[in-house]
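Structure first, commentary second.
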Amino acid sequence: MTSRSSRLLTEARNVIPGGVNSPVRAFRAVGGEPPFIARGAGNYLYDVDGHEYVDLVSSWGALLLGHANPGVVAAATEAIGRGSSYGAPTESEIRLAEAIRDRFPTMRKVRLCSSGTEATMHAIRLARGATGRDVIVKMDGCYHGAHDSVLVAAGSGVATLGIPGSPGVPAGTAADTRVVPYNDLAATAALFEREGRKIACVIVEPVAGNMGTVPPLPGYLEGLRALCSDYGALLIFDEVMTGFRVSRGGAQQRFGVAPDLTTLGKVCGGGFPLAAFGGRDDLMDQLAPVGPIYQAGTLSGNPAGVAAGLATLNQLDDSVYDTLEASGAAIEAALAEPLAYYGFSFARVGSMFTVYFRPTAPTNYDEAKTCDTAAFARFFNAALSGGVYLPPSQFEAAFFGALLTGRALEQACDGLSAALVAAAE
Ligand SMILES: *Cc1c(COP(=O)(O)O)cnc(C)c1O
């Protein structure tokens, strides 16, 4: 008998391209069909056929407090009861911007928008407008959303589907984007030597998470900071994934490097479409209506998203980060033996991690691409049938939240260990 998920996928394909509203959800890289989700509660997802999964995707990193966190649900519901959008300023937006600045002191001024894609698009426009330069630098395999100037060598979804950039990105737009390998300071320095005075900004994931989890090598972020300062280019940390996740103040706090501009998304909306960008006063005050650089959004600062974001940030105290670290260490310890035995590897920064099907964890995208993706697919499918929901691609980081303790943590460790054995066969 065909499952309800399978029937829904057939229906969905009639009206939605591939049946999904974002390509990686289609499971193309691992074979099989995605379960359709009926609901989430805490650490668990439930599909329409009644299967329960420990969720290690966490809405691609957006959730840090599990599904249907009572505080977030109450805050968002209460906000919606007072109207779901006004397109006018509200007090809550001030409080969320203050909460962000409190945790990210480099974000002296903040603007809210609705997706990570928007945040990076606006931050890049601001960098170009403020410097009067057109060229931007991104790292091979880093993902900064689905807009034209960064949809060049963009990792994960793009990598998974094997689309080089994408048709539809104008050659002229892509021509202003330079791509260098992640963690390669020498290549970046050489690029700056050639055309440093044309470079508006470097945009980077301070911990890469869209080619699998790839931590920055010691000195890398500091080196990017110095190069940008030397050449009058701006440094943008795209912390859409790492913000509030790898520490209370993101990667910039964890690694002690200050960017000029920061982009946030995912966790800061508590599961709602909300994102933000911000940075130095003198830069942010060049945005309209104060300055000439245009940026706008009808639903920006949406009351429900703002309420959910505030309710999330207010719950993220030190004990949350201690729990995340302990749970991450437990997963790492549980997998150490089978990983060593089968010659696979592992990378983790706080509550984001990747099991790599190659002997050592990669430091850049070229290395990540040498992974045995067929072994990953076996790993993924074994985990799924064992009740552990992983991102369906070798090049996507897994994420967990502060509720992953006790029974759920044990299930995750056991399920992943068993899946490693299946992957090796
Ligand atoms: C997810 C992500 C984005 C894009 O955010 P969306 O909300 O999906 O548009 C941008 N940058 C990074 C680092 C991301 O992980």
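This chain uses plain numbering: 1 for the first residue, then up along the sequence. All ligand and atom numbering here is 1-based and tracks the order in the structure.
- Side-chain contact of Q295 with R111: a donor-acceptor pair under 3.5 Å is present, judged by distance alone.
- Shown here is Y294, whose OH atom has no more than 12 heavy atoms of other residues, nucleotides or ligands within 6.0 Å.
- If you number the atoms of ligand 1 from 1 as listed, the ones under 4.0 Å from a heavy atom of D238 come out as 10 (C), 11 (N), 12 (C), 13 (C).
- Close contacts between ligand 1 and M241 involve ligand atoms 15 (O) [criterion: under 4.0 Å to a heavy atom].
- Below 4.0 Å from some heavy atom of S115 lie the following atoms of ligand 1, by number and element: 7 (O), 9 (O).
- No N or O atom of T120 sits closer than 3.5 Å to an N or O atom of ligand 1.
- By the 30° and 60° cut-offs, the orientation of the rings of Y231 relative to F192 is tilted.
- E205 and T242 share no side-chain donor-acceptor pair at under 3.5 Å.
- Atoms of ligand 1 lying under 4.0 Å from at least one heavy atom of H144, given by number and element, are 10 (C), 11 (N).
- When each atom of ligand 1 is checked for a heavy atom of G116 under 4.0 Å away, the hits are 4 (C), 5 (O), 6 (P), 7 (O), 9 (O).
- Proximity of a side-chain donor or acceptor of E239 to a complementary backbone N or O of A251 within less than 3.5 Å is detected.
- Remark: aromatic rings of F344 and F379 are distant, center separation not under 6.0 Å.
- Under the 4.0 Å distance rule, the nearest protein heavy atom to atom 11 (N) of ligand 1 falls inside the cut-off.
- The six-membered or imidazole ring of Y220 lies away from that of F255, with a centre-to-centre distance of 6.0 Å or more.
- Every atom of ligand 1 with a heavy atom of Y143 under 4.0 Å away is listed here by number and element: 11 (N), 12 (C), 13 (C).
- Polar contact check, N210 against ligand 1: a nitrogen or oxygen pair lies under 3.5 Å apart.
- For K266, the heavy-atom gap to ligand 1 drops under 4.0 angstrom.
- Only side-chain heavy atoms of V240 come within less than 4.0 Å of ligand 1; its backbone N, CA, C and O stay farther off.
- Using a 3.5 Å distance cut-off with no hydrogens or angles, the side chains of E52 and Y389 do not pair a donor with an acceptor.
- At the top of the distance list for atom 8 (O) of ligand 1, counting protein heavy atoms only, stands T117 OG1, 4.5 Å.
- Ring pair Y356/F376: centre-to-centre distance not below 6.0 Å.
- With ligand atoms numbered from 1 in the order given, ligand 1 contributes 13 (C) to contacts under 4.0 Å with heavy atoms of E205.
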